[in-house]
Every structure is written in structure tokens, then in C-alpha cells.
Enquirer: 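Take this structure first; my questions come after.
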Amino acid sequence: MVDNVNAMEKKLAEYKCDTNEAICLKLVRFPEDLEDDGTTFHPEYSHQLYGDDEVAFGYKGLQIQLYYSAGNLSTLFKVKYSSKVTEKFDCVEADDVEVKIRDIIPAGFSCSTDDFVSRLEKEANFRPFGNLLHTYKVHNEEAGELTYQICKVDMACPGFQEYHGRLQTFLMWFIETASFIDADDDRWDFFLVFEKYNKDGETLYATVGYMTVYNYYVYPDKTRPRVSQMLVLPPFQGEGHGAQLLEAVHRFYCTLPKVQDITAEDPSESYVKLRDFVLAKLCRALPSFAPDKLQLGFSEVMVKEAQDTLKINKKHARRVYEILRLKATDMADEAKARDYRLDVKRRLFGPYKKNQRELTKMMKCLRPEELVSHIRHIDTDVQHQELEKSYQEVLDEYRRIIERLASQA
């Protein structure tokens, strides 16, 4: 009996599919892209639709096709598989993989390849939404020099709400804790990146990525734009579009007198690195961040100039100061290296000082055995080791940013 159960479990296990591999995404420019595996990419995450295991049960050779036209993001949705569990076993249900996708993609998608190809022919009519903020070029080894545009748009723009509904579906696959925004709230700003490309002698536009920013009220008469979502689509990643987008957004808000500073909501590690690079690039042009000023230490003049000119808050200005000071410091000079190390460590030591203040308060109310536990937790030697480790990690991060700054000088 046990052997029969194990044999059955083994056979049923053959009908489990990794949804990150099963979901096939494309940004289609030409009809031949539909059959070209080289244009396919896959999600990093699918747990929000298919559970923490990211598995769909009931199919062999499952392929969930979500293909988008490159510009307007007209959508083709099809599900294919080589066999289904219900064909072999009674009383076993397959997961409904279709309904989960239909829950997130807006109505109006195609289920027919022929219908999708006919929509593809209308891509020549698609034009970027909103107002042009910035144009830049990127050299591509295969295609040569390519032109990109960054535009700002809001929901009042005709056709944008429907387009955004299609665009935001990518969040589910590439941002771990993604959620859709309330499109009816007029405090949202949207920034889009498009690539210009040629097709049969015509200029067309492909969607590259986007950012959403929410404008919070700051008493009494200011706003604080907060970056909520940012995504460069996988075919375009690693080409510098994220930095171009973030810099263009910063420069836009710097022109608005009512903006106090620009922040981000729960920024990822990769976003923090990107922000460090962009803000360092912007701040190095400010007089207060000149190399000779950096050696004098972090100052209120830096804080004010970064705030007034670039809408950068004090915390971010301090981090930029450390990056640019490292760039301007000869670390082979023992005295200069020591001054820099102590300056950064003083900032890093802040949380440890807070722990010590908390311990002083605890000493008044904790029992002896509880106090011993907390003292061990903030042992001085351990603190010094952790502080040195934090310093070395920060140094590595800063050096990578400095290398990137040097490569784009």
C-alpha cells in the first residue's frame, strides 16, 4: 500500500512546474519575434500569483505566454502544455493557471496570434505619452547609437490609464513586494523611458521602463516626492537607463520651488546604490562639495546647498559627502586615510551609542541576570569588530560608485 502511494506521488510530481520558468514574457517589435526564443525573458518572482513555492500543479510542459507589443504594450495571452493531469488521473484537479493571470492583466488582451499580429501593425501610430524631459543616446554594439526619451505624464493624458494598466503588470514579476497603485489619486507622477527604433523606414517607440512618484504634503506649503516604484524592463537592464531616469526625475523636481526633498519608499539595495551614484554625480558640481572643501569635513553649508539646489536631504547629503571625500582622498597617505576612516566611523557609531543610552535606562529596572544578557549584547570588543566590518563594507560600496563615476567622466 505504501509503495503504491509513493509511486502515485512520484507520478503526480511530474505534473509540477516552476512558474518562473513556465511564464514566458516578450516585448515584440516584429512578427518574427514571436517564434524567436532569444527575445523571451522570464520573471524573477511569481509568488504573488502562484504561492511561495512558485509552482503550478497539473501540467507537463507548461508555458504561460504573455507577449506585449514593444510600444503600446498590446497583450497576447496564451497557455500551452504537453499534457494535463486530468487526462491521466481521475479525482485530481489541476491548478487554474489562467484565472490568476486574468486577475492582473486588463481586459482587451488577445488570445489569438493573428489578432495580436494585426495589432502589431498599428504600433507605427504609437507615440510616447506626456511631456519630453530628457533625450540621451546609448551605444549598442549590434545596433550602433540608439536614442532614448524620458517623458513625464499623469493620468489625465488620453490613453495613458489603459497603457499604465498593462505596464504595471510587469511589477508582479520583477519587484518582490509589488502592488498596484490607486490610479485615481492625482498626486501620482509617472516618468517613462522609450527607445526610438526604425521599422520599414518609420520611427517607432519601444517601452524601456518607468518610475512612479507620489507627492506627499509637507507642512505648511511644501511637497515631498517619494519614489514608489521603479523598473527597467529586463531586455534593457545593464545599459544605464535607471541612472538616466533617476537623474532626469531629480532634475525635474529641482525646478519646482514647492518641493522640499526627494525620497524613496522602502528602497531596495540596488536602488540605494543607484541613488548614491546619481546624487554623487550631481553633487560633485556643487561648490561646497569641491575637493578642498571635502577635506574640511561635513558642513551645514553642504547640507543647505544640497537641499536648496538638488532637493537632497541631510542623510543623503552626508552619504554623498563620504563618497566624494573618499574620491578626493589619497588613501595611501596614512594620516589622510586615518582622518577619513574616523570621520566615517563616527557616523557609523551612532546606533551603538544609542544602544549604550538604552542600557543606562535598563540598568534602573532590569534584574541582574537580564542585565548580564544585555551587556553581552553590546560588548565593546564585539562593537569594534562590527564597526570595522561595517566600515569595510561601506568602503567597498563607495569604491564601486567612484569607479562608475570615473568611467562616465
Enquirer: Can you confirm whether more than 12 heavy atoms, excluding those of Glu334, are under 6.0 Å from its CD atom?
Expert: no
Enquirer: Run the salt-bridge test on Lys273 and Glu269 with the 4.0 Å N-O cut-off and return the result as yes or no.
Expert: yes
Enquirer: Where is the tightest heavy-atom contact between Leu279 and Val320, given as atom of each residue plus distance?
Expert: CB-CG2, 3.5 Å
Enquirer: Take Ser110 and Arg119, measure what side chain to side chain donor-acceptor pair (under 3.5 Å) needs, and give me the verdict at the end.
Expert: CA-CA 9 Å; Ser110 301; Arg119 294 188 186 195; 3.3 Å; yes
Enquirer: Decide, yes or no, whether a salt bridge links Glu300 with Lys304 under the criterion of side-chain N to carboxylate O below 4.0 Å.
Expert: no
Enquirer: Closer than 4.0 angstrom, basic N to acidic O: yes or no for Arg251 and Glu247?
Expert: yes
Enquirer: Nearest 0.5 Å, please: how far is OG1 in Thr329 from CG in Asp339?
Expert: 9.0 Å
Enquirer: Has Gln48 got a side-chain atom pairing as donor or acceptor with Ala178's backbone, closer than 3.5 angstrom?
Expert: yes
Enquirer: Run the numbers on Tyr340 and Met331 for side-chain contact (heavy atoms from CB on, under 4.5 Å), then give the verdict.
Expert: CA-CA 9 Å; Tyr340 179 79; Met331 295 299 278; 4.0 Å; yes
Enquirer: Report the C-alpha distance between Tyr253 and Phe191 in whole Å, list the side-chain angles of each, state the deciding distance to 0.1 Å, and finish with yes or no for ring-ring contact (aromatic ring centres under 6.0 Å, His included).
Expert: CA-CA 12 Å; Tyr253 285 118; Phe191 299 88; 5.8 Å; yes
Enquirer: On the 0 to 90° scale, with breaks at 30° and 60°, tag the His164-Tyr210 ring pair as parallel, tilted or perpendicular.
Expert: perpendicular
Enquirer: Where do Ala328 and Gln295 come nearest, in terms of heavy atoms and distance?
Expert: O-NE2, 3.2 Å
Enquirer: Working to the nearest 0.5 Å, report the span between CG of Leu326 and CG of Asp343.
Expert: 11.5 Å
Enquirer: Which atom names give the shortest non-hydrogen contact between Ala56 and Leu62, and what distance separates them?
Expert: CB-CD2, 4.0 Å
Enquirer: Using a 3.5 Å distance criterion without hydrogens, assess whether the side chain of Thr212 forms a donor-acceptor pair with backbone atoms of Gln229.
Expert: yes
Enquirer: Report yes if some heavy atom in the side chain of Val303 is under 4.5 Å from a heavy atom in the side chain of Phe298; otherwise report no.
Expert: yes
Enquirer: Stepwise, does the side chain to side chain donor-acceptor pair (under 3.5 Å) test hold for Lys293 with Ser299?
Expert: CA-CA 9 Å; Lys293 301 288 199 309; Ser299 68; over 6 Å; no
Enquirer: Can you label the angle between the Tyr216 ring and the Tyr214 ring as parallel, tilted or perpendicular, going by 30° and 60°?
Expert: perpendicular
Enquirer: Could you tell me whether the side chain of Lys199 and the main chain of Arg29 form a donor-acceptor pair under 3.5 Å?
Expert: yes
Enquirer: In terms of heavy-atom contacts, does NZ of Lys16 have more than 12 from other residues, nucleotides or ligands at under 6.0 Å?
Expert: no
Enquirer: Hey, does Glu162 have a side-chain heavy atom less than 4.5 Å from the side chain of Pro106?
Expert: no
Enquirer: Judged by atom type as modelled, is there a donor-acceptor pair below 3.5 Å linking the side chain of Glu202 to the main-chain atoms of Ala124?
Expert: no
Enquirer: Rounded to the nearest 0.5 Å, what separation is found between the CZ atom of Phe77 and the CD atom of Gln65?
Expert: 10.0 Å
Enquirer: With side-chain contact (heavy atoms from CB on, under 4.5 Å) as the test, would you mind laying out the steps for Leu167 and Leu192 before giving the verdict?
Expert: CA-CA 10 Å; Leu167 176 59; Leu192 307 171; 3.9 Å; yes
Enquirer: Can the ring centres of Phe129 and Phe126 be said to be less than 6.0 Å apart?
Expert: yes
Enquirer: Check the pair Ile101 / Phe109 against side-chain contact (heavy atoms from CB on, under 4.5 Å), numbers first and verdict last.
Expert: CA-CA 11 Å; Ile101 300 289; Phe109 57 86; over 6 Å; no
Enquirer: Heavy-atom count around Asn131 CG within 6.0 Å, excluding the residue itself: above 12?
Expert: no
Enquirer: For residues Pro257 and Lys311, report the shortest heavy-atom separation together with the two atoms involved.
Expert: O-NZ, 4.1 Å
Enquirer: Measure from the side-chain N and O atoms of Gln307 to the backbone N and O of Lys314, and report whether any donor-acceptor pair falls under 3.5 Å.
Expert: no
Enquirer: Any donor-acceptor pair under 3.5 Å linking the side chain of Ser69 with the backbone of Leu120?
Expert: no
Enquirer: I need the minimum non-hydrogen distance between Leu274 and Met230, along with the two atoms involved.
Expert: CD2-CE, 3.5 Å
Enquirer: Does this structure show an ion pair linking Arg347 with Glu322, if we count only N-O contacts that are shorter than 4.0 Å?
Expert: yes
Enquirer: State, to 0.1 Å, how close Trp173 and Pro43 come at their nearest heavy-atom pair, and which atoms those are.
Expert: CB-CB, 3.5 Å
Enquirer: Short question: side chain of Tyr68, backbone of Gly71 - any donor-acceptor pair under 3.5 Å?
Expert: no
Enquirer: Nearest 0.5 angstrom please: Cys283 SG to Ile323 CD1, how far?
Expert: 9.5 Å
Enquirer: Would one find more than 12 heavy atoms of other residues, nucleotides or ligands at under 6.0 Å from atom CZ of Arg127?
Expert: yes
Enquirer: Please determine whether side-chain contact (heavy atoms from CB on, under 4.5 Å) holds for the pair Leu310 and Leu286, giving the CA-CA distance in whole Å, both sets of side-chain angles, and the decisive distance to 0.1 Å.
Expert: CA-CA 10 Å; Leu310 297 173; Leu286 299 180; 3.8 Å; yes
Enquirer: From Arg341 CZ over to Lys336 NZ, what is the distance, rounded to the nearest 0.5 angstrom?
Expert: 15.5 Å
Enquirer: If I take atom CE from residue Met155 and atom CG from residue Asp182, how far apart are they, to the nearest 0.5 angstrom?
Expert: 9.0 Å
Enquirer: Does a side-chain N-to-carboxylate-O contact under 4.0 Å join Lys26 and Asp33?
Expert: no
Enquirer: Does some side-chain heavy atom of Gln408 sit less than 4.5 Å from a side-chain heavy atom of Phe277?
Expert: yes
Enquirer: Without swapping roles, check the side chain of Thr75 against the backbone of Leu73 for a donor-acceptor pair under 3.5 Å.
Expert: yes
Enquirer: Is the count of non-hydrogen atoms from other residues, nucleotides or ligands lying under 6.0 Å from Lys327 atom NZ greater than 12?
Expert: no
Enquirer: Just by distance, do the side chain of Asp95 and the backbone of Phe57 share a donor-acceptor pair under 3.5 Å?
Expert: yes
Enquirer: Mind checking whether Phe289 and Leu294 have side chains closer than 4.5 Å, heavy atoms only?
Expert: yes
Enquirer: Check whether Tyr217 forms a cation-pi arrangement with Lys222 (NZ or CZ under 6.0 Å from the six-membered ring centre, at most 45° off the ring normal).
Expert: no
Enquirer: Is the side chain of Glu54 donor-acceptor paired with the backbone N or O of Ser46 at a distance under 3.5 Å, no angle test?
Expert: yes
Enquirer: Indicate the ring-plane relationship of Phe236 and His241, choosing parallel, tilted or perpendicular according to the 30° and 60° boundaries.
Expert: perpendicular
Enquirer: According to salt bridge (charged side-chain N to carboxylate O under 4.0 Å, His left out), who are the partners of Arg400, at least two apart in sequence or on a separate chain?
Expert: none
